[in-house]
Structure formats: structure tokens, C-alpha cells
Number of protein chains: 2
Amino acid sequence: MASAHEQFRDLAWKCGLAATHQRQIIYEAVTATPGHHSVEAVFAEVRGRTPSISLATVYKNLRLFVEHGLLREVSPHSSMLLVEGNLEPHHHLICTRCKAVQDLDAADFVNFKKLARRAPRGFDLSRPLVEVFGLCRRCSAKT
Amino acid sequence: MASAHEQFRDLAWKCGLAATHQRQIIYEAVTATPGHHSVEAVFAEVRGRTPSISLATVYKNLRLFVEHGLLREVSPHSSMLLVEGNLEPHHHLICTRCKAVQDLDAADFVNFKKLARRAPRGFDLSRPLVEVFGLCRRCSAKT
DNA sequence: TCTTGGATTATAATAATTCTCGTTTAAGAA
DNA sequence: TTCTTAAACGAGAATTATTATAATCCAAGA
Ligand SMILES: [Mn+2]
Ligand SMILES: [Mn+2]
Ligand SMILES: [Zn+2]
Ligand SMILES: [Zn+2]
């Protein structure tokens, strides 16, 4: 069984990326726990292990990992960058008010055939992401 | 037939908002043409009529109109504020790469019963908004 | 070990948005 | 119509999230 360290070096090598210490711990900070991670949260985490790391490095490498498919950007339209390590196709349920994001693992509520018919010619829906907006329980309780 | 001017005064009165000149022209700038409007575009438009108006006033009032339901925020998660005057329930198709937004008027591709079953208890989906992400023709042509 | 190009850092810059606060104005009361 | 006053306005500063720059550092192959 390969260590997390070796696993990352292998992944990085496959993408032609240098396996630096900073990249190692940034990648681990995201993938060690499931769910959605903000840049600030990742930064706080990695700074614990390597205090000299800079926020720009975290931004740059999270974006790099997303580009190379090692991580996934949670919402491509979001006002703040969120990433996750779960690369399985899944969708999101988002609160309009507080912007909290949670996973919708089943996709059976979308008819992708009909959807494709509604999209304009040439629109690529081969890897679709669906985001559904509503009000989370907490926010809808606040009237 | 009421003039646009009178229509707005009536709407503002219903919401308990003062019908100021600035609000009038901001509202008209959005509702005069269909589609999605950025803050900058609205600002450019209203500045033509009232050069002394400030960007802050445009932001403040667009948000106020959205709060009161006079306008709709296109994507509640977007990195840039976009508003539209079309209050009919409809959904959006968004390009992951260039962030272009277009309307999806039919909602027949979503099974809202099944969706409700997938959402956690208490999540309010009474006025759901669905955003589907893919690649527009232009962006998917670029590899 | 040595070389070299990519990676990292501090810092500056930028873009979008919000805040602050003194001034002006809309709209109801007199 | 004039007065009063809370609400709205405008200018610019401040804030927040993010990206660009440029000098230094280091990972990895020769
Ligand atoms: Mn997710
Ligand atoms: Mn629309
Ligand atoms: Zn919420
Ligand atoms: Zn596009």
C-alpha cells in the first residue's frame, strides 16, 4: 500500500508537475477530509504545517490541481473558490441566502435527454453539473 | 395604459419604497430590454441620463429591487451581480469556461418530486432555480 | 554535484463590492 | 404651499477575494 506521500508523487508525475512539499500538503489538506474546502480553510490548515507558505501559492496550486483534474471546483460560478477531492460525478444543492453547498449524489431527478433537447446546438453537456438553489432549513426558518 | 413612469411609482409604493428619480431610471434600464444585465451595463446606461449618479447607488438599488422582488438576481452564486426583469420562473444554462448565461424556459427536464425526495428535510424548494453547467459551442470548439 | 526551469514568496495591483458620512431630497404634516 | 424629517444620495475610502510581478529558492535530471 502506497503512502499518501507516494500516491501524490505518482499523481503529480502523471501530470508532469513537480512534487514539491507545498503541493503535497495542499493536496493532502483537501483530500484528507471529504466535503468542500475554501481557500482560506486550506491555507489555515497548511500553514499549521508550513508557516512560511503564502496564500498565493495555495490559490495557484488549487487552480492548477483543478485544471489537471486532481481536484474539482465545487461551483464553476461561485463567488469564492471552493474545491473538493470527490471526483465522482455528482450535483449540488445550494442555499440562496447563506450559499451553503451540499452534495446531491443521485442524479435521477434530471432527464438529461430532455435537457439536451432544450440546449442550443453545440452546447457540450457531456459532463453536466446541475446546481439547484433553494433555502436551507436554517435560512427558511428565519422567515 | 400607464406610462413606465407611473408603473414604477406604483410598484415602489406597493413595496414601501420612495420613488426617486435614480430608482426610476435604474429600474427602467433593466426592464426596458430583456435579458441579463450587469451592474456596469446598468451604470453606463443610467449615467447617460443622470451623469451624477454613482456606482454605489446602482449597486444599492439593484440589490434593493432584488430583495423586494421587483427584479431577479440571475444566479444567486455568481461572482458578478447580474439582474433581469423577467420574473417568470425559468432556469439557466451556463458555460463553465466563459460564464455566459442563457435562459432555459422549459423545466420539463427536472423531476421536482424526485428532487424534493433527495433534499434534506426542511430545505425549501418551493421556488427552485436550476442551473446547468456545460461548455457553450464557442468554448467547446476551442478544444 | 551542478544546472536549470519551474515553484515559492512578499509585495503590489486589480476588480467587485460595501461602507461611511456629510448633503440632499421625497413625501407627509401643518 | 411650506416645513420637517427620515430616507436616500454621492464621493471616496475601505474591504474582500484574487491575480500579477519579480526576486529568490529548490526539485529533479545530467
Ligand atoms: Mn460536492
Ligand atoms: Mn434568465
Ligand atoms: Zn441557508
Ligand atoms: Zn463559453
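What you see is a predicted model, and the numbers here were worked out from it, not measured in a lab. Every chain is numbered from 1 and lettered A, B, ... according to where its sequence line falls, protein lines coming before strand lines.
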When all nucleic acid strands are considered with a 4.0 Å heavy-atom cut-off, which category describes [X]: base, sugar-phosphate, or nothing?
{"X": "A/Glu40", "value": "nothing"}
{"X": "B/Ala56", "value": "base"}
{"X": "A/Leu55", "value": "base"}
{"X": "A/Thr57", "value": "base"}

Which of parallel (below 30°), tilted (30 to 60°) and perpendicular (above 60°) describes A/Phe109 and A/His91? perpendicular

Short question: side chain of [X], backbone of [Y] - any donor-acceptor pair under 3.5 Å?
{"X": "A/Arg118", "Y": "B/Asp105", "answer": "no"}
{"X": "B/Arg23", "Y": "B/Asn61", "answer": "no"}
{"X": "B/Ser38", "Y": "B/Leu82", "answer": "no"}
{"X": "B/His37", "Y": "B/Val30", "answer": "yes"}

Could you tell me the separation between the [atom1] atom of [X] and the [atom2] atom of [N], rounded to a whole number of Å?
{"X": "B/Ile53", "N": "C/dT24", "atom1": "CD1", "atom2": "P", "value": "17 Å"}
{"X": "B/Arg47", "N": "D/dG10", "atom1": "CZ", "atom2": "P", "value": "12 Å"}
{"X": "B/Ile25", "N": "D/dG10", "atom1": "CD1", "atom2": "C1'", "value": "13 Å"}
{"X": "B/Met80", "N": "C/dT17", "atom1": "CE", "atom2": "C1'", "value": "12 Å"}
{"X": "B/Gln24", "N": "D/dA8", "atom1": "CD", "atom2": "P", "value": "16 Å"}
{"X": "B/Lys99", "N": "C/dA15", "atom1": "NZ", "atom2": "C1'", "value": "16 Å"}
{"X": "B/His77", "N": "C/dA16", "atom1": "NE2", "atom2": "C1'", "value": "16 Å"}
{"X": "B/Leu81", "N": "D/dA17", "atom1": "CG", "atom2": "P", "value": "17 Å"}

Do any side-chain nitrogens or oxygens of [X] fall under 4.0 Å of OP1 or OP2 in [N]?
{"X": "B/Arg23", "N": "C/dA26", "result": "no"}
{"X": "B/Arg9", "N": "C/dA27", "result": "yes"}
{"X": "B/Arg63", "N": "C/dT18", "result": "yes"}
{"X": "A/Ser52", "N": "C/dT9", "result": "yes"}
{"X": "A/Gln22", "N": "C/dT9", "result": "yes"}
{"X": "B/Thr20", "N": "D/dC9", "result": "yes"}

Which nucleotide, [options], lies nearest any side-chain atom of [X]?
{"X": "A/Lys60", "options": "C/dA7, C/dT8, C/dT17", "value": "C/dT8"}
{"X": "A/Asn61", "options": "C/dA26, C/dT8, D/dT18", "value": "C/dT8"}
{"X": "A/Ala19", "options": "C/dT9, D/dA8, D/dA28", "value": "D/dA28"}
{"X": "A/Tyr59", "options": "D/dA17, C/dA16, C/dT9", "value": "D/dA17"}

Would you mind telling me which residue lines up with the more 5' stretch of DNA chain D, B/Pro51 or B/Gly16, judged by nearest nucleotide? B/Gly16

Any donor-acceptor N or O pair under 3.5 Å, side chains A/Thr50, A/His21: yes

Can you work out whether B/Ser79 or A/His21 has the more 5'-proximal nearest nucleotide on DNA chain C? A/His21

Could you say whether B/Leu17 or A/Thr50 is positioned toward the 5' end of DNA chain C, judged by the nucleotide with the nearest heavy atom to each? A/Thr50

